[in-house]
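Worksheet: the structure to be examined is printed underneath.
By convention in this document, chain letters (A, B, ...) are assigned in the order of the sequence lines, proteins followed by strands, and residues within each chain are numbered from 1.
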Amino acid sequence: MSVKALILTGFGINCDRETALAFEMAGAETDRVHLNDLAEDPARMAAYQILAIPGGFSFGDDVASGRILANRIRHRLGAPLQEFVTAGKLAIGICNGFQVMVKMGLLPLFDGDFTQEVTLTHNNAGRFDNRWVNLNVDGATSCIWLKGMETLEVPIRHGEGKFIARDEPTLEKLRSQGQVVLRYATARGAHAEGKFPENPNGSVDDIAGICDPTGRIFGLMPHPEAFLHHTNHPRWTREVLPKEGAGLQLFKNAVQFARENLT
Amino acid sequence: MANRIEVTMQAGQPDPAGEAVRLKLHEDLHVTVEAVRAIHVYTIHADLTEAELEAVRTELFTDPIIQTSAINRSLAQNFDFVVEVGFRPGVTDNVGRSALEGVEDIVGRDLGDDAAVFKSVQYVIQGISKADCQRITKRALGNELIEQWSIKSTLEMAALNHAPLLEVPLVTDVSDPTVQEIDLEIDDTALVALSRDMMLALELHEMRAIQAHYRDAATVAMRKEAGLPSTPTDIELEILAQTWSEHCKHKIFAADVEYTDAEGKTRRIDGLFKNYVKATTDIVGEKVDWLISVFHDNAGIVRFSDDYHFALKAETHNSPSALDPYGGAMTGIVGVNRDILGAGQGCRCIFNTDVFCFASPDYEGEIPERLLHPRRVLRGVHRGVVDGGNESGIPTINGAIVFHERFLGKPLVFVGTGGLIPVKVNGVPSEEKSAKPGDRIIMTGGRIGKDGIHGATFSSEELHEGSPATAVQIGDPITQKKMADFLMEARDLGLYTCITDNGAGGLSSSIGEMAEKPGGAVIHLDKCPLKYAGLAPWEIFLSEAQERMTLAVHPDQVQAFLDLAARREVDATDIGEFNDSGRLDTYYNGALIGALTMEFLHDGVPKMCLPAKLEAIELTAPTLEAKSDLGDDLKAVLSALNVASKESFVRMYDHEVQGASVLKPFQGEHADGPGNAGVVRPDPNSKKGIAVACGITPKYADLDAYHMMACAIDEAVRNLVAIGAKMGTIAGLDNFCWPDPVLSGKTPDGAHKMAQLVRCCEALKETCVAYDIPLISGKDSMKNDYKIGDTKISIPPTVLFTASAILDDATQVVSMDVKQPGDVVYVLGETKNELGGSEYLALSGQLGDTVPQVDPVRARARYETLHQAIAKGLVASCHDCSDGGLGAALAESAFAGGFGMTLDLAPLKLDNDLVALFSESQSRFVATVPPEHVDAFEVLMKETGCYRLGEVTEEKQLMVTGAAGANIDMPLSELKAAWQEPLNY
């Protein structure tokens, strides 16, 4: 049976096409589905092994990035989403999708219920920024999306990507449960240690992405779907790079995991 | 029933919004304050229970991790003054609109049409005087055209005792909508006064033509039969004024011109558009086979591949941006997006471009009445385009910022968009569309308010005391994004037959134009959805409220169209019908209130005859100081605003969304060297690419408008050629921005400005024909003057030339950064003594006398050989040589690549090293070639001007030996810092 990925659209989501392309290149079948169509017939979710909330500017980032879409998904799709998660299926939120996930409490999902424990807010520089960043994958990660990966270079494109946890114990819990899986780094692979531009937004502990305790639900600010082809890379005209963009590996990992475990 | 929720950061959390304001006050106004904290205020005008209010406070408005909030209680602490800034009634409030949706999600019910949320911001300022507080509020925090504010001291806040600072901005001035009859049986003076008083922007001969039309027996009979008064109604005059406006009708480009050239020879030209713009495309169209749709649609359309067509359009939004830089510019970018969405059967937007012209942000003189400081205009315009483009999910891939003192009078805001559409949609060629009699008229997108009324006529005049504040709108990218997504679905389902956007002139323009094919239309204005009550019928028809498209829908499809719109939460309303009556009829509450024949509406405007006489300009040869070390001069040139890095602005544009990026705006080792053209690969199943670049050279206008135009075209073209584009694949857009060229009492030099326009058009045609570039679309904005009292500022004549090229293989393009030590450095093209208008002379306040001139035949030969060299993989890097001359291009290539250069200028055979380094001769490149390809490269390029100057070095130093004894020996880090510093905001 083939792996199917549901790509959410509507209300200002705008990376749905390239996110769908990434899953297709990774071997999945994809459907781009408007939130209202899904809310009308939530049973549709059962047909999919993977849910993606792509990047974009849902509701214009008005009030706070991701907040209004997060509430809307929680109110209209809360129960079927809970079911999807309980069934051990996979979900990814990229950029605005990650903001939606943390604000509705789909991440970090400590106890399986939707409670907001962390946030993503205005970059230290107080402005939107589009630049490529180096990322380190936590060596011992159980995140299925990052399996076998050590580093990744992809762009960030956000104004509200600064990761903050509720408090120190929350942060410690994230670390100790292996949920901090992606960190901003230097080109040589050292921790960014909060320094701009390596850490582009001032995120606590250089955190760029986290997963749930099972490693199946994953959110990150950088855009892996923006690096599917070597010509997407900012230095492809001066470096020898594999034809396939490094961002594709995340999607391949998920599709492979879904094929082996969920179909 | 209004409740206020205040939200601010928890103690101990940084407050980037407040901190950004503190920095801006310091940098822009030199006001240093101790601290600024921002409090976000949401005023909820709706019936909510206390429990509901508490729920929206916690679930919607407050981030529990970092924020704190209160209901109807002030959170301001530790301050000298609090300034609250909110919108005036009726102004588009995007955050408020989204917040209302958020509130309804949480309370789980529709709160009704009267419910609203209003967003305002309190700046809580510590360490400021009352006088400074008033000054910074007016000059930085608020814009009185669209915003209201309240300033309170500590004592005043205590006295308020938690009451709101601002009134709820409800639209309360609701007058009863009426239709006025306008008496036209008045003398000429009164006609002129009427035109001015009603903001019609019509000239006397046009008012007379209308007067004559209403006296005509056929008109009298038609009106009698229809039951209309013999005098025009307000809506009829307004429709005529909009349709006949310079902005919509391009009367100057259509006028007869009596042109006297520099030799004193006079000839008559029957229309600049016809004889130069259209003629160019007619000639080139015989040679290229990829033109699909030119001139008659919202954008030009060309073939991209066997599967897709490519649409391109650029617009200006100058006048609104002068009054409200943020809203004006944002409206501009989302507006040109709609041109693409309305091109053919509807294209998907795939990239934006933007080019701005401002006076220096460091301007220290007086700011004339009603104008804003250039720095504020720059920040506002930039932020408007950032928000408009980013929120729409369209990458901004190319652009420029140009500075010239005379843009103080009016900033220029050029915005462009490219789009893609399948070659066939539902089996029909996608460029074909037309409304048919019987099709319903559907308006979709946003609602109508008083925003943007008289935008078209306002843009057809100079900025004056009476310029209306209502002409300003604020864009709403999310409403538009929802509409655009919906329309792409509706297109593919075949739910409409014709589509166009509502831009200048609103429904009046879109319906008036769409009704030309079927031959008439009936509109019921009371059916149009309004933002608030109280609009007169003519205001509904003329409003330029944003985010709206007009469609023709077959009656059988109307229900399906409206159903899909409802599922996507997009407003769509059936407001009338197209017919073949030969008339545009407007109804309000069942009564006919206006009837105009299509013939008079579209063809009744009298043609103008404009004098054009070229005046001789006195030019002085520059004085040049002989120097032996030119390192500091090169640094100064790199620091010139027109040369300096714009990276801090460009990084704020999303330039990669949609995942098609191939060449980004900044390139090289640290992605900080200035790229030549933006390149995307929009179809992942094809290697084909689209490159886009721009050329704009107003600094040459005062020397010679002909060469200004030729240089702008050449700049755009060589930016494309530099990345590897092929001649014969390039399409062009011409966007003219001119000071008023109509000779009159207020424009005594109009004949000269008109003659400059003629010269410019001559260059447009001659250069484009030589380069085989068809002009596929364009626009003109002809009244870029400021006049209040005795102060008149006219912009320099300016043309933005946007050029696109279709690339067979996007993976073969070349970037501008040098790649490795040992590569050989060439200059391609002749360097001549053409310092006129150069950045180098501008440093000493000189204009000079020798304007750069394009030799299009020789340049084209070079562009063709360079394309071959790049296609063969011989070239490691290639950079266009323009502002700042060879010196700037060499330095940029070197520091972008992170390697030095050792060069000798002797091969250029010039006896003046200043000329060699800083002359801005056209059609040149700096290219680097690996040693193993040098022979093949030189064989290819030797006939078209190829000068070997030296090589790339490991040492990060630029070493240049001049032919006349001057030299440069400077570390790259120093040059790069000089280039990056000035505009690093």
Side-chain angles (χ1 to χ4, degrees), chain A residues 9-15 17-18 21-22 25 34 36-37 40 55-64 67-68 71-72 75-76 103 116-119 121-132 155 157 159 164-166 202 223 225-232 234-238, chain B residues 13-14 16-17 19-20 42 59-61 63-66 94-95 97-99 101-102 105-106 108 119 386-387 390-394 476-478 481-482 485 567-569 651-664 666-669 671 681 684 810-811 813-815 817 819 897:
Chain A
T9 69
F11 304 107
I13 288 172
N14 63 34
C15 298
R17 296 173 68 97
E18 58 265 40
L21 177 66
M25 288 170 75
H34 193 280
N36 284 0
D37 290 351
E40 205 174 77
F57 266 90
S58 60
F59 295 93
D61 275 2
D62 296 334
V63 181
R67 171 69 63 192
I68 298 177
N71 283 338
R72 187 162 286 194
H75 282 269
R76 299 190 189 176
K103 288 178 188 186
Q116 184 178 346
E117 301 283 357
V118 303
T119 198
T121 187
H122 293 275
N123 300 349
N124 273 359
R127 58 170 70 176
F128 184 97
D129 201 1
N130 181 168
R131 66 176 68 242
W132 281 59
R157 308 191 310 248
I164 299 177
R166 181 186 293 283
H223 287 271
E225 84 290 1
F227 188 21
L228 303 178
H229 191 264
H230 73 113
T231 55
N232 293 138
R235 294 187 308 279
W236 74 270
T237 59
R238 55 184 296 125
Chain B
Q13 290 288 351
E19 181 60 12
Y42 301 90
E59 289 183 44
L60 175 61
F61 291 113
D63 188 318
I65 311 300
I66 50 173
N94 289 325
V95 178
R97 184 196 35 68
S98 293
E101 290 191 54
D105 280 347
I106 286 168
K119 170 76 195 291
V386 164
D387 286 355
N390 292 358
E391 292 183 21
S392 302
I394 302 167
D476 176 357
I478 290 308
K481 171 69 176 156
K482 286 196 293 185
D485 289 353
R567 290 170 67 92
R568 297 297 172 252
E569 299 183 40
R651 289 251 167 250
M652 290 170 68
Y653 300 123
D654 187 329
H655 48 258
E656 299 182 74
V657 61
Q658 301 190 13
S661 169
V662 172
L663 278 183
K664 302 182 207 310
F666 284 86
Q667 302 165 8
E669 186 190 17
R681 197 169 63 96
T811 65
V813 299
V814 166
S815 60
D817 46 309
K819 301 297 188 296

message: Any donor-acceptor pair under 3.5 Å linking the side-chain atoms of A:Asn71 with those of B:Glu59?
response: no
- prompt: Between B:Val813, B:Val662, B:Asp654, which has the largest tally of heavy atom pairs under 4.5 Å with chain A?
  reply: B:Asp654
field: Nearest heavy atoms of A:Asn14 and B:Asn390, plus distance in Å
entry: ND2-O, 3.6 Å
- request: Could you have a look at B:Glu669, B:Glu19, B:Lys482, B:Gln13 and say which one has the most heavy-atom pairs with chain A under 4.5 angstrom?
  value: B:Glu669
statement: From the list B:Arg97, B:His655, B:Gln667, B:Lys119, the residue making the most non-hydrogen contacts under 4.5 Å with chain A is B:His655
message: If I measure from the heavy atoms of chain A, does B:Ala20 come under 4.5 Å with its side chain, its backbone, both, or neither?
response: neither
task: For B:Pro16 and A:Gly126, work out which heavy atoms get closest and say how close.
output: CB-CA, 4.3 Å
field: side-chain contact (heavy atoms from CB on, under 4.5 Å) assessment of B:Val386 paired with A:Arg127
entry: CA-CA 10 Å; B:Val386 164; A:Arg127 58 170 70 176; over 6 Å; no
task: Please confirm whether the backbone N or O of A:Asn232 pairs with a side-chain atom of B:Lys664, one donor and one acceptor, at under 3.5 Å?
output: yes
- request: Name the member of B:Ile394, B:Ile106, B:Asp485 that forms the most heavy-atom pairs with chain A at distances under 4.5 Å.
  value: B:Ile106
task: Pick whichever of B:Glu656, B:Gln658, B:Lys481 has the most heavy-atom pairs under 4.5 Å with chain A.
output: B:Glu656
- prompt: For the atom pair CG (A:Asn130) and CE (B:Met652), what is the distance rounded to the nearest 0.5 Å?
  reply: 11.5 Å
